[in-house]
Amino acid sequence: MFLRAFARKTSYSAHAFTAARREVSSVSSPSSSSLVFRQKAVRDAKSSSLLKAVADPSKEEVGVEPIPLLTSDESEDLLKIRHSTAHILAMATQKVYPKAQCTIGPWIDRGFYYDFYYPDGFTDQDLKKIQKEMYKIIRKDYPIRREEVSREEAARRIKEINEPYKLEILDMIKTEPITIYHIGDEWWDLCAGPHVESTGKIEQKGIKLESVAGAYWRGDETKPMLQRIYGTAWETQEQLEAYELFKEEAKRRDHRTVGKEMGLFSLQQEEAGGGLVFWHPKGALMRHQIETFWKDLHLQRGYDLVSTPHVAKGELWKTSGHSDFYSENMYQQMQVEEESYQLKPMNCPFHIVVYKDGYYSYRDLPLRWAELGTVYRYERSGTMHGLFRVRGFTQDDAHVFCLPDQITDEITRILDLVEEVLGTFGFKDYEVNLSTRPEKAVGSDEIWERAELALRDSLKRKNWDYIVDDGGGAFYGPKIDIKILDAIGRKWQCSTIQLDFNLPERFDLSYIDQNNEKQRPIMIHRAIFGSLERFFGILTENYAGAFPVWIAPVQVRLLPVTDTVDEYIQRVANDMRAKGIRVEVKSGERMKKLVRNAEKEKIPIMCIIGKEEAENETLAVRTYKSGDIGTFALTDVISKVVAAAEEKSEHASF
Ligand SMILES: [Zn+2]
Ligand SMILES: [Zn+2]
């Protein structure tokens, strides 16, 4: 199955300016998102009010004006601004550094970049000079003019200005006429547009060059290293400032930093190779909580668990079609006793193998088989990113085999489960996309119509709004994609529900119908988290490491004021452990330092214990969320923490 959400290829399509954009936005940044960032809340934020304001987007802070930070997909105006600013950057760069050669310069979610061939490399100081030159170009208010030329004419002009990379770009453009955009009479670039009318339309205080990094031409390690300058562009200075605050906040939440600080996981490029995740005890314990929740819930909701291997004969992947259509993402096969074996990039064929080992009548369907299945996919070494883009990851996969007239019910059940699973982690706002039949497709008109109708009916039953991507489905069936909204307004693609009319055909799957005849079952692929690793990264950034009590690696930390209370502390710890609470004792520092450390580690509940508490069998409770909240009976604290864990609530309710 070629779940599109996971099949992120770095593809170059016809037009260079839009092509590379896809490449970037799929790497790690959350996909398009209407970011509403509460600017003031962030400014006041050195205190925990920041956390509250940012961590709960549903809470409208009084007197705080949200500033929408739209992506280029969401705002035609911003798209024009970012597109135009990318060209202004290129023009300015060549003015200051005439030896720099231009390559591609696409817009991205909230800005743009431009790649230059410039072996000397750019420094931050150079960026400042370039930015100054950009201001000059803006102030001169050059008209931006479109011109259509033939391919030959475009090639001639490119040769005239000696820009070899542009010739390659020209080759990549498959449509004609070729469009050229002029900035005044001084400079031009190949581009399809759209742009603002003149450079003066750009607010100079709304743009900023952000960073420079190396990037291979066409993402290919064998090609020359280019200098990629990243920038951002907005309509107003206010928007730019809000965006910078947003970036600061995103940086503070970066799962790679938080994960390291909290000792949750590591990626060990040197020791083990890139894109492979090592879960450390605390992280593995959290993963265990998530997996247990997921498995238990699936069993409760009518799924069966299956468990399948990590490799299988190459022949299986031929039958499934993956070796033909998905080989770019697959590792080389290994030889075992003269037979080729393939590390699995997907779980689907394995579940099919299980299905084929049985014999089913219509009465046996639907079958719902779930597995936390670890898969391995090739990613280029330069494209890996924390837990977001890795080479080995675990899909929370399931396949449903059902009758055609069961599709609506099954999809609805899946949507219910999506809501239940994601909702438990605090994600309650979704963007839903329905992708329909593309031009080239397998399966009859009748089955496509029936399936699409079933998907729409299910969404209607849920009363969910959705966006239709007409013709955006895979060739083997329509699908529903679900994005979640995180605490700072970013959207992340997680769940996918995909119908498949292809694999049952390829593997000749069947069931026996009422008339004792063989029929093909409908196959549904679905994942809710998508990948456990990636979801864990999103979760970490959503909570900035301050995880809900039920998954927090340490739920309670006991802090003794004096060592005369040792005996009581041990009893508290034992009582808590006996009730399944994850508790630890820390001492040996002054109380202020102990509290500060616990807060740094984002432990949800601290219990401070002195003589008085020991005598009265109480605990002075301090929470990460609210600070000191008073003294409670030991039994009371235990039952509140146990209840929070059982109910999977974010906080214990004191
Ligand atoms: Zn352009
Ligand atoms: Zn599948």
Side-chain angles (χ1 to χ4, degrees), residues 1-7 15-21 72 76 78-91 102-108 111-115 144-147 166 169 173 178-183 187-199 201-202 231 233 306 308 316-317 320-322 325-326 329 344-355 367-375 377 394-401 414 474 476-477 479 495-504 506-507 509 521-528 530-531:
M1 180 73 319
F2 319 110
L3 293 185
R4 289 230 310 208
F6 303 116
H15 202 281
F17 279 101
T18 51
R21 179 187 68 81
S72 310
E76 175 84 11
L78 281 169
L79 184 143
K80 284 182 183 171
I81 288 171
R82 288 167 191 160
H83 226 298
S84 309
T85 313
H87 296 298
I88 294 172
L89 160 63
M91 176 174 169
C102 287
T103 72
I104 57 164
W107 50 272
I108 50 182
F112 56 87
Y113 68 77
Y114 209 109
D115 285 352
I144 299 180
R145 184 171 55 85
R146 184 175 187 273
E147 184 190 7
K166 282 194 182 171
I169 295 171
I173 304 173
I178 305 298
T179 55
I180 278 177
Y181 276 87
H182 296 269
I183 300 185
W187 195 86
W188 61 269
D189 209 345
L190 287 173
C191 189
H195 303 106
V196 296
E197 293 141 42
S198 66
T199 59
K201 294 272 186 274
I202 307 283
V306 293
T308 62
L316 182 72
W317 303 100
S320 69
H322 288 98
F325 302 117
Y326 201 68
N329 294 72
K344 73 171 162 183
M346 295 199 191
N347 303 301
C348 336
F350 287 40
H351 292 192
I352 288 176
V353 165
V354 178
Y355 184 96
L367 293 167
R368 308 183 191 99
W369 291 345
E371 177 178 15
L372 294 168
T374 303
V375 297
R377 296 183 188 171
T394 303
Q395 284 183 295
D396 67 317
D397 215 350
H399 296 95
V400 176
F401 302 91
I414 294 170
Y476 46 81
K479 65 166 178 172
S495 315
T496 306
I497 304 159
Q498 168 88 62
L499 263 72
D500 190 341
F501 316 132
N502 181 45
L503 284 185
R506 280 182 166 267
F507 281 94
L509 300 188
I522 297 287
M523 184 177 183
I524 306 170
H525 309 256
R526 50 116 284 200
I528 298 176
S531 122

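A quick note: this is a predicted structure, and the numbers were derived from the prediction, not measured. We count ligands from 1, going down the list as the structure has it; atoms in each ligand are counted the same way. Scope of the values below: all heavy atoms of this structure, side chains included, with no hydrogens, waters or symmetry mates.
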Tyr181 and His195: ring-ring contact (aromatic ring centres under 6.0 Å, His included), yes or no, with the steps? CA-CA 9 Å; Tyr181 276 87; His195 303 106; 4.1 Å; yes
Determine, step by step, whether Lys344 and Thr308 satisfy the side-chain hydrogen bond (donor to acceptor under 3.5 Å, both in side chains) criterion, reporting the C-alpha distance in whole Å, the side-chain angles of both residues, the deciding distance to 0.1 Å, and the verdict. CA-CA 10 Å; Lys344 73 171 162 183; Thr308 62; 3.1 Å; yes
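- Counting heavy atoms of neighbouring residues, nucleotides and ligands inside a 6.0 Å radius, atom CD of Glu197 does not exceed 12 of them.
- The angle subtended at the Zn ion (ligand 2) by SG of Cys348 and NE2 of His399 is 110°, given to the nearest 10°.
- Here the angle at the Zn ion (ligand 1) defined by SG in Cys191 and NE2 in His87 stands at 110°, rounded to 10 degrees.
- When Arg145, Lys166, Arg146 are each tested for a salt bridge (Lys or Arg N to Asp or Glu O under 4.0 Å) with Asp189, only one passes: Lys166.
- The Zn ion (ligand 1) is closest to atom ND1 of His83 (considering only N, O or S atoms).
- Checking His525 against the Zn ion (ligand 2), an N/O/S atom falls under the 2.8 Å cut-off.
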